[in-house]
Amino acid sequence: NGTTCGLKEIMLGRCYQYQYIQRGLYLSNTTAVKNCTELYELFESEVRFKPYCNMNMSTYEKYFQRALEGVHVINRAIFWSGTYAITHTYSAHGHNYITLEDTLAANMLDGLMWCGKENDPQGFDYVSCPNNCQDNRWADLAFWGLASKTFAERVAGEIYVVLNGSRTDGRPSYRNGSYFAEFELPNFQRTGPYRVTKINILVLHTPDLPVVERCGEKSIIHLEHLIRDAQFEYICIDDPDELLLIMCGDSWGARECEVARTALRRA
Ligand code: NFD
């Protein structure tokens, strides 16, 4: 589980794909086209030859500054915690909503693994990445922590957050220490032209699994307090129809999906 083979080629390929194909189709094209080689080189200069555990929250500063330059997501930003797959199906690569991974900066690295290595001809460790620095937790958060923070600073208006109300790993729907709690919620702007006005919490319950938390319960009460204290409007919805239909597409036989089956046949 070291650096992804072909890291550079994958990043450049994704960058071209994003800017010359996806972008023209449905992503915001209000910002100028960026130079993919320049972006890759910025990224590489910040990580190559660097010992993994020496990284921190400023390691990738220049990369994110440049890659997210001019990006502002208004009324369409969506965040996820414990709901990666369904949130991305719903956002539809920026067609409906825009996740962090639908921005160029994060798209180039989503799902990839990498780490720098000091005394190495290539400067990357292709064998294994530590992923856990005992004395410096910021090393593990260096990339996705800063990605989350920078994205959160650039969203405005109404935003959406998809939470998992039937987590099976014992974690609460809203968890202190999650990326959402630590890097996104605290960085939404409260004043100025890019201030966040309203936070829509969408709590999903996987058909056929026990319901662990709903709106107005347990950790979601705590989240509501945090949001209201920060002066954002708050609304919480359990299983919105559009999302329930996506879930039912994967669990057509579930009891919770029976109404959908009956209604669709009648229509
Ligand atoms: P979490 P969170 N599938 O789900 N972000 O609030 C799955 F299942 O409890 C983006 O801590 O939510 N997990 C990334 C994945 C990383 C996948 C961190 C995947 N395909 C934070 N890919 C990112 N794109 O990698 C990665 N993970 C891991 C931002 C990930 O490594 C997003 O804007 C991390 O350890 C989102 O609003 C864990 O899933 C929020 O932070 C996330 O745990 C989600 O972080």
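Atoms within each ligand, like the ligands themselves, are counted from 1 in listed order. Note that the numbering runs from 1 along the sequence shown for the chain.
- Taking the six-membered ring where the residue is Trp, Phe143 and Tyr63 present tilted rings, their angle falling between 30° and 60°.
- In this structure, the protein non-hydrogen atom closest to atom 33 (O) of ligand 1 is Glu184 OE2, 2.6 Å.
- Shown in contact with Glu101 at under 4.0 Å from a heavy atom are these atoms of ligand 1, numbered in order with element: 10 (C), 14 (C), 23 (C), 24 (N), 32 (C).
- Distance remark: protein heavy atom not present below 4.0 angstrom from atom 38 (C) of ligand 1.
- Checked by distance only, ligand 1 and Phe79 stay at 3.5 Å or farther apart across all their nitrogen or oxygen atoms.
- In the vicinity of Arg167, heavy-atom distances shorter than 4.0 Å reach the ligand 1 atoms 9 (O).
- Protein heavy atoms come within 4.0 Å of atom 19 (C) of ligand 1.
- The protein does not reach atom 31 (O) of ligand 1 closely, with no heavy atom under 4.0 angstrom from it.
- The ligand atoms of ligand 1 that sit less than 4.0 angstrom from a heavy atom of Gly82 are 1 (P), 4 (O), 9 (O), 12 (O).
- Looking at Arg261, its side chain does come within 3.5 Å of a backbone N or O of Trp252 through a donor-acceptor pair.
- For atom 6 (O) of ligand 1, the nearest non-hydrogen atom from the set Gly145, Ala106, Ser81 belongs to Ser81.
- Annotation for ligand 1: atoms under 4.0 Å from non-hydrogen atoms of Phe180 are 2 (P), 6 (O).
- Regarding atom 17 (C) of ligand 1, its nearest protein heavy-atom neighbour is Tyr84 CD1, 3.7 Å.
- Contacts between Ser178 and ligand 1 below 4.0 angstrom, taking non-hydrogen atoms only, involve backbone and side chain alike.
- Using the six-membered ring where Trp is involved, Phe43 and Tyr60 have ring planes that are parallel, under 30° apart on the 30 and 60° scheme.
- Nearest-heavy-atom check against atom 27 (N) of ligand 1 across Trp80, Tyr179, Trp144 picks out Trp80.
- Of all atoms in ligand 1, numbered sequentially from 1 with element shown, those under 4.0 Å from a heavy atom of Ser148 are 5 (N), 21 (C), 29 (C), 41 (O).
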